[in-house]
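Report on the following structure.
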Amino acid sequence: MPHDKDRTHWHEPAGGKKAGYGKFDKQPTPYDAFMEEEGVPVFRGIGISKVQNLELFPWKRKGGRGHFIQLYGTEGKWGCFVVEVPPAGALNVEKHMFEEIYLVVEGRGTTEVWQDGDTKKHVFEWQAGSMFSIPMNANFRIVNGTSSGALLLGGNTAPNVINMINNTAAIFNNPFIFHDRFSSADDFYKPKDDIEADPVRGLAMRRTNLIPDAMNCDLPLDNRRSPGYRRIEPFMTNNCFYFWIGQHENGRYSKAHAHTSAAVLICLKGKGYTYTWPEKLGVNPWKDGKGDLVQRLDYEPVGIVTAAPGGARWYHQHFSVSEDPFRLTAWFGPHNPGRDPGAPGEKHTDYTAIDVDEGGTAIPYWMEDPYIRQEYEAKLKGINVKNRMDPAWYLPPEKK
C-alpha cells in the first residue's frame with residue numbers, strides 16, 4: 001500500500017506501481033470556501049427556469065437576502081448570485097478587487113458609486129431590465145426606490161481573484177484606486193448608443209457603463225446564429241468580464257454550435273429552451289441513439305442555462321417558442337474569444353459562427369438531427385406561433 005489508511009503518511013510506491021490514489025474527490029476551492037463562509041446557499045445545476053423562483057436567505061455582508069448560483073461548467077471561471085434589496089432600504093456599502101455587473105430582475109432604484117477620497121458620488125437610476133457595471137475596487141451602494149423588494153442578478157470575477165489571492169482582507173480592504181476604470185466625469189454613467197467594431201472579431205460593440213433597458217434596447221443585425229439574428233457587445237468600465245445581448249426572431253431558432261465551458265445564457269424576453277450535449281456525441285445524437293444524453297432546459301425571463309456544463313466542447317442550441325422575439329444575454333466572465341490560447345498575432349477563426357462542413361463548430365440546419373426540426377414545428381403548432389424557418393434552409397447546398 002502506498003498510503004496509510006489515515007492518509008497522513010506517504011510511502012514510495014513498490015515495484016512498478018504508481019503513486020497516488022488514482023481516483024479522488026474534487027476539493028473545494030478558496031471561492032467555494034468563501035461562499036460557505038458567507039452563509040448563503042449555492043444553487044448548482046444546468047440552469048433555472050427563472051431565478052425569481054430561488055429561495056432567498058439572509059446575507060449579512062450585503063445587507064439583504066440572496067442565493068449564490070454556480071452552474072455546471074462555470075466553476076472557477078466566474079461567479080453569479082441573486083440579491084434582494086430590502087423594501088425602501090439599501091444594501092451595505094461594498095468595495096472589492098473584482099469586477100461586477102448587474103441585471104435588474106425586479107424593481108427600481110438607484111446606485112451610488114464613488115472612490116475613496118471623493119467628495120461627490122455618482123448616482124444613477126435603474127429599473128427592471130437595466131444593466132450596469134461597478135468599477136473595480138470602487139465604493140458602491142444599491143438603494144431600493146420602492147416599498148417592495150428589488151431583485152438583482154449579479155455576475156463577477158470573484159472566483160478568479162479569490163482562488164488566486166486566497167486572502168479576503170486583501171480583496172475587500174485594498175486601498176488601491178483604479179483611475180483607469182472609474183473617472184470623475186459627470187457623464188460616466190450616461191448611457192451611450194454609439195456602435196463600433198470590437199477590436200478582436202469586428203462584431204458590434206457599444207462602450208457604455210449603463211444600459212437603461214437591456215430587454216428592449218436596439219440591437220444591430222448580426223445574422224451569425226440565425227437569419228435575422230441581432231446582437232451587441234456592451235463594454236463596461238474597462239472590464240474583462242465579457243457578455244453580449246442577442247435576439248432571435250420569433251418562430252426561429254439558432255444553429256447548434258460548440259465551445260468550451262464558461263457561457264451562461266440568460267433569458268431577457270420571450271420564452272425558449274436550450275439543448276446541450278457533448279461534442280463527442282456528434283451532430284445527430286437522436287438519430288444515433290444517444291438522445292437520452294442530451295440535456296434540456298426550458299426557461300423564461302429571467303431564466304438561465306449553462307451552454308457547456310461539462311468541460312471540453314459542448315454543442316448547444318437555443319429555440320424561440322413565443323410570440324415575442326427571443327432575447328438573451330450571455331455572460332462569460334473573463335473567458336471571451338479574444339483570450340483563446342495562442343501566441344499574440346496567431347490567426348484564429350470565429351469557429352462558432354462557421355459551419356462544421358467549412359471547418360467550424362456550427363451545425364447548419366441541413367446537417368442537424370431531424371428530431372430537432374420535427375419537435376420545433378410541433379411545438380410552435382401547439383402554441384399557435386407561426387413557424388418562420390424557411391424550408392430552403394434545410395436543403396443541402398448545391399455542389400459547385
Side-chain angles (χ1 to χ4, degrees), residues 29-38 40 59-64 66 68 74 76-81 83 85 90-103 110-124 126 131-143 152-190 192 199-200 205 207-211 233-243 262 331-336 338-339 344:
T29 65
Y31 180 69
D32 291 324
F34 166 76
M35 289 192 290
E36 184 174 352
E37 290 169 359
E38 291 283 277
V40 178
W59 197 340
K60 182 179 179 180
R61 182 176 62 82
K62 282 189 170 292
F68 281 113
T74 67
K77 293 181 179 290
W78 62 278
C80 189
F81 60 90
V83 62
V85 190
L91 298 181
N92 294 333
V93 175
E94 288 190 65
K95 185 179 76 165
H96 43 62
M97 285 285 292
F98 51 81
E99 300 171 353
E100 196 154 78
I101 67 170
Y102 285 92
L103 166 66
T110 60
T111 296
E112 306 163 354
V113 188
W114 69 97
Q115 300 277 30
D116 288 343
D118 283 353
T119 57
K120 177 183 176 182
K121 295 179 179 179
H122 287 257
V123 181
F124 60 88
W126 44 259
M131 292 189 70
F132 58 89
S133 175
I134 302 299
M136 178 86 82
N137 215 32
N139 299 284
F140 70 100
R141 188 173 77 127
I142 298 176
V143 182
L152 287 79
L153 177 69
N156 59 35
T157 56
N160 314 81
V161 179
I162 292 175
N163 287 343
M164 181 179 293
I165 297 178
N166 196 16
N167 186 304
T168 54
I171 294 167
F172 290 97
N173 299 301
N174 193 311
F176 188 83
I177 296 176
F178 288 85
H179 294 290
D180 58 327
R181 300 286 190 112
F182 186 30
S183 75
S184 59
D186 290 338
D187 66 348
F188 187 83
Y189 278 107
K190 180 181 179 181
K192 296 178 175 61
V200 178
M205 184 179 79
R207 295 179 186 270
T208 184
N209 302 321
L210 170 65
I211 303 172
E233 291 179 9
F235 182 61
M236 294 182 159
T237 62
N238 282 329
N239 280 349
C240 292
F241 195 105
Y242 175 76
F243 73 100
W331 295 5
F332 292 71
H335 302 274
N336 67 61
R339 294 176 179 265

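Note that the structure is a prediction, hence the values are computed from the model and not measured. Only heavy atoms go into these numbers, but all of them, side chains included; no hydrogens, no water, no symmetry mates.
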Heavy-atom nearest pair, Asn163 first then Gly76, reads ND2-CA, 4.0 Å
Indicate the atoms forming the closest heavy-atom contact of Ile211 with Pro234, along with that distance. CD1-CG, 3.7 Å
With ring-ring contact (aromatic ring centres under 6.0 Å, His included) as the test, would you mind laying out the steps for His122 and Phe140 before giving the verdict? CA-CA 9 Å; His122 287 257; Phe140 70 100; over 10 Å; no
Side-chain touch Lys192/Arg207, heavy atoms, less than 4.5 angstrom: no
Look only at the side chain of Asp187 and the backbone of Lys190, and say whether a donor-acceptor pair between them is shorter than 3.5 Å. no
Is Phe241 close to Asn160 at the side-chain level, that is, under 4.5 Å between some pair of heavy atoms? no
Do Thr29 side-chain atoms and Asp32 backbone N/O form a donor-acceptor pair below 3.5 Å? yes
Are the side chains of Asn238 and Phe178 in touch, meaning some heavy atoms are under 4.5 Å apart? no
Stepwise ring-ring contact (aromatic ring centres under 6.0 Å, His included) test for Tyr189 and Trp126: CA-CA 11 Å; Tyr189 278 107; Trp126 44 259; over 10 Å; no
Atom of Pro30, atom of Asn166 and distance for their closest heavy-atom approach: CB-OD1, 3.3 Å
Could you state the interatomic distance from OH (Tyr31) to NZ (Lys77), rounded to the nearest 0.5 Å? 15.0 Å
Mind checking whether Asp186 and Lys120 have side chains closer than 4.5 Å, heavy atoms only? yes
So, for Met97 and Ala170, which heavy atoms are closest and what is the spacing to 0.1 Å? CG-O, 4.0 Å
Mind checking the CZ-CD1 spacing from Phe34 to Ile162? Nearest 0.5 Å is all I need. 4.5 Å
What is the minimum heavy-atom distance between Ser133 and Asn239, and which atoms define it? OG-ND2, 2.9 Å
Rounding to 0.5 Å, atoms CG (Asn137) and CG (Asn139) come to a distance of 8.0 Å
Report the distance from atom CD of Glu38 to atom CZ of Phe81, rounding to the nearest 0.5 Å. 10.0 Å
Centroid-to-centroid, Trp59 to Phe68, below 6.0 Å? yes
Asn174 side chain to Lys95 main-chain N or O, any donor-acceptor pair under 3.5 Å? no
Between Ile165 and Phe98, is any pair of side-chain heavy atoms under 4.5 Å apart? no
Checking side-chain hydrogen bond (donor to acceptor under 3.5 Å, both in side chains) between Glu100 and each of Asn156, Thr237, Thr157, which is the one that passes? Asn156
Side chain to side chain contact (heavy atoms under 4.5 Å, CB included), paired with Ile134, selected from Thr111, Asn209, Ile101: Thr111
Do Phe188 and Val113 come close enough that some side-chain heavy atom pair is under 4.5 Å? no
Locate the shortest heavy-atom distance separating Pro334 from Trp78; write the atom from each residue and the value. CD-CB, 4.4 Å
If you define the side chain from C-beta out and look only at heavy atoms, does anything of Gln115 sit under 4.5 Å from Pro135? no
Do Glu233 and Asn336 have side-chain heavy atoms sitting under 4.5 Å apart? no
With a 3.5 Å distance limit and no angle check, can you tell me whether Lys62 reaches the backbone of Glu94 through a side-chain donor-acceptor pair? no
Straight-line distance of Phe235 CZ to Thr208 OG1, nearest 0.5 Å: 12.0 Å
Got a donor-acceptor contact below 3.5 angstrom from the Glu99 side chain to the Cys240 backbone? yes
Gap separating the CZ atom of Phe243 from the CE atom of Met236, nearest 0.5 angstrom: 4.0 Å
